[in-house]
Amino acid sequence: MGQAGQFPPEGKDSMQSMDEFLEKMKGRRVAVLGIGVSNRPLLSLLCQAGAVVTACDKKTEEELGDVAHQLRQQGVELHLGKNYLEGLDQDVIFKSPGIRPDVPQLEEARRRGCQITSEMEVFFDVCPCPILAVTGSDGKTTTTTLIAEILSRAGYKVWVGGNIGQPLLPMAGQMAPDHLCVVELSSFQLMTMKKSPHVAVVTNVTPNHLDLHKSMAEYVQAKENVFLYQHKCDLLVLNADNKLTREMAKKAKGSLQMFSRKEVPENGACIEDGCVCKCRGGQRTPVMRLQDIRIPGMHNVENYMAALCATSEYVQPDVVRQVAQEFGGVEHRIEFVREKDGVKYYNDAIATSPARAIAGLHSFQQKLIVIAGGYDKKVPFDEYGDEACQHVKLLILTGATAPKLRQAVEHSKYFPGSGIAVAQCGTLEEAVRLASKRAKPGDIVTLSPVCASFDAFPNFMAKGRAYKDFVNAL
């Protein structure tokens with residue numbers, strides 16, 4: 001493995017064109033781990049390149065249904081079931097982000113000389129245009145979308161993907177050097193990355209995904225990979241108000257811009273006199289009023305400041321202001337659903353961490369009726385319990401974490417005298433009905449799970465859409 005004419009070894013800082021990558025795949029034995037929607041275009045691409053492709057997935061052929069039949073028609077060999085990771089000996093193995101890189105089967109494959117990579121790692125190697133990448137515990141998708149909207153408004157041909165939208169590697173052949181690519185990256189995608197983008201944004205870092213990461217230190221280290229391989233000509237954008245991201249500034253390889261609600265950075269963005277300002281050499285230039293921003297919440301003001309910094313090399317600030325005045329938000333992110341009987345319903349299904357849920361609580365000027373609960377990611381709820389006592393009038397809990405969330409609220413020092421009521425329902429539908437029954441004209445009901453959705457739904461999008469269906473059925 002890694003010899004001349006073969007796939008580049010892990011960590012090698014080399015570039016290759018999409019055509020060169022496809023040529024190197026011809027005749028190679030390649031395994032793709034996971035047959036989810038995001039990997040199917042990769043499987044097709046590898047087949048077209050002439051690779052000998054094996055698709056591995058823990059699902060059975062019956063569970064895959066028509067997908068298994070379609071893959072076999074393309075010439076893909078299937079390795080399915082609970083032992084799908086056993087016996088890996090292909091030349092190249094594409095790992096899905098949800099599989100840890102140190103599982104015993106992959107460690108054994110490395111010892112056999114197999115090359116372990118991922119769709120995103122190869123994309124970074126073959127992408128012909130500048131990449132702007134966003135990571136963080138919260139705000140990734142909105143910030144990624146804002147950056148793409150701003151660049152598109154300025155006339156650039158923009159590609160968007162990664163942890164949001166479409167897989168990018170199969171699209172790389174259509175990209176040109178004067179295009180721009182905006183990528184959302186999760187901690188799982190970043191764990192094994194050995195290349196960094198031209199512009200890297202870290203929105204914030206708070207405890208998250210500790211059910212899959214071995215420690216908070218490992219989680220932070222994964223996030224840092226978004227900029228650790230940058231060069232002097234690259235840009236890093238960090239949140240100055242978040243302790244962990246602020247400390248990352250010491251490791252910046254290129255230029256640095258910080259954004260802050262609390263202070264004035266030397267270079268970056270700040271808030272002053274009700275305006276978002278661009279900072280350069282300590283000088284502030286107003287860009288837009290806070291009231292220009294259509295999507296609610298101070299966390300979205302932070303997302304705009306991050307986007308303002310990230311796009312400063314490519315657009316004039318007035319383009320950012322135009323987007324702020326017109327952009328209505330991203331689905332599942334404090335998304336307005338409907339008003340019924342004087343009660344407004346919002347869908348904030350993306351709020352799958354305490355920090356993100358707390359930001360949602362702070363986005364409104366009144367106490368809320370909140371539907372929360374779900375899969376346990378092994379993160380503490382103490383801070384959320386404190387905030388809920390101060391910003392929630394009725395907390396309706398569902399899912400596996402309902403007991404832990406109730407405990408966090410009832411053990412909070414703010415609980416006595418807070419007036420918060422806590423109820424528990426068996427299903428999301430029951431929770432929506434209870435919220436409707438208890439709500440009065442002028443109230444706001446929001447789905448803000450605090451937790452992942454895997455206990456009852458495949459992902460937060462499915463949960464958000466189910467919630468909207470239940471609300472619209474009232």
Side-chain angles (χ1 to χ4, degrees), residues 130-140 142-151 153-154 156 180 182 196-206 223-224 226-227 230-325 327 359 362:
I131 299 174
L132 298 85
V134 180
T135 194
S137 299
D138 304 299
K140 294 188 298 294
T142 298
T143 303
T144 301
T145 304
L146 290 176
I147 291 171
E149 290 278 338
I150 292 164
L151 295 173
R153 179 67 63 91
Y156 290 96
L180 294 172
V182 186
S196 295
H198 174 52
V199 177
V201 179
V202 187
T203 58
N204 50 59
V205 176
T206 58
K223 293 295 188 185
E224 289 181 340
V226 77
F227 68 86
Q230 285 189 312
H231 303 287
K232 290 184 178 180
C233 61
D234 296 326
L235 168 65
L236 173 60
V237 178
L238 295 174
N239 185 344
D241 300 336
N242 179 269
K243 180 181 178 182
L244 290 172
T245 52
R246 188 185 186 97
E247 291 177 353
M248 290 177 182
K250 303 171 186 176
K251 301 178 182 180
K253 307 296 183 181
S255 59
L256 174 68
Q257 293 192 33
M258 309 281 280
F259 62 92
S260 174
R261 289 192 282 155
K262 302 176 181 178
E263 59 187 62
V264 179
E266 181 72 11
N267 294 294
C270 69
I271 298 175
E272 190 172 76
D273 298 329
C275 291
V276 172
C277 299
K278 189 75 181 74
C279 306
R280 189 183 299 274
Q283 299 298 311
R284 284 91 77 191
T285 303
V287 175
M288 57 191 169
R289 299 169 299 171
L290 297 183
Q291 65 193 57
D292 288 334
I293 299 175
R294 282 190 60 191
I295 50 179
M298 285 305 295
H299 62 296
N300 281 319
V301 175
E302 290 184 341
N303 294 337
Y304 265 103
M305 288 195 288
L308 174 64
C309 295
T311 58
S312 58
E313 178 182 335
Y314 298 98
V315 307
Q316 294 299 313
D318 62 323
V319 179
V320 183
R321 181 174 63 252
Q322 292 169 14
V323 171
Q325 292 169 337
F327 181 67
H362 287 210

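In this chain, numbering begins with 1 at the start of the sequence shown. Only a predicted model underlies this, so the values are computations on that prediction, with no experimental measurement involved.
In this structure, Asp292 contributes its side chain and Ala324 its backbone to no donor-acceptor pair below 3.5 Å. Side-chain N or O atoms of Asn239 include one that pairs as donor or acceptor with a backbone N or O of Thr203 at under 3.5 Å. Side-chain atoms of Tyr314 do not come within 3.5 Å of backbone N or O of Leu180 as any donor-acceptor pair. Side chain of Asn204 to backbone of Asp138: a donor-acceptor contact under 3.5 angstrom is found. With hydrogens and angles disregarded, a donor-acceptor distance shorter than 3.5 Å links the side chain of Asn267 to the backbone of Gly281. Here the side chain of Lys278 pairs no donor or acceptor atom with the backbone of Arg284 at under 3.5 angstrom. No donor-acceptor distance shorter than 3.5 angstrom exists from the side chain of Ser255 to the backbone of Leu236, with no hydrogens or angles considered. Remark: the backbone N or O of Cys309 is paired with a side-chain donor or acceptor of Ser312 at under 3.5 angstrom.
Contact record, Ser137 with Lys140: O-NZ, 3.9 Å, taken as the closest heavy-atom pair. Smallest separation of non-hydrogen atoms from Val319 and Ala154: CG1-N, 4.2 Å.
Counting heavy atoms from C-beta on, the side chains of Asp241 and Glu302 come closer than 4.5 Å. A 4.5 Å side-chain heavy-atom check between Leu132 and Leu151 finds at least one atom pair inside the cut-off.
In this structure, the separation between CD on Glu272 and CD on Glu263 is 13.0 Å, given to the nearest 0.5 Å. The CE atom of Met305 sits 8.5 Å away from the CE atom of Met288 when rounded to the nearest 0.5 Å. With rounding to the nearest 0.5 angstrom, the CE atom of Met298 is 4.5 Å from the CZ atom of Arg261. Atoms NZ and CG, from Lys253 and Leu235 in turn, are 15.5 Å apart once rounded to the nearest 0.5 Å. Here Glu313 contributes atom CD and Gln257 contributes atom CD; the two are 9.5 Å apart, rounded to the nearest 0.5 Å. Interatomic distance, CE of Met258 versus CG of Leu238, reported as 5.5 Å (0.5 Å rounding).
Each of Thr143, Thr145, Thr144 was evaluated against Asn303; a single residue qualifies, Thr143, per the side chain to side chain donor-acceptor pair (under 3.5 Å) test.
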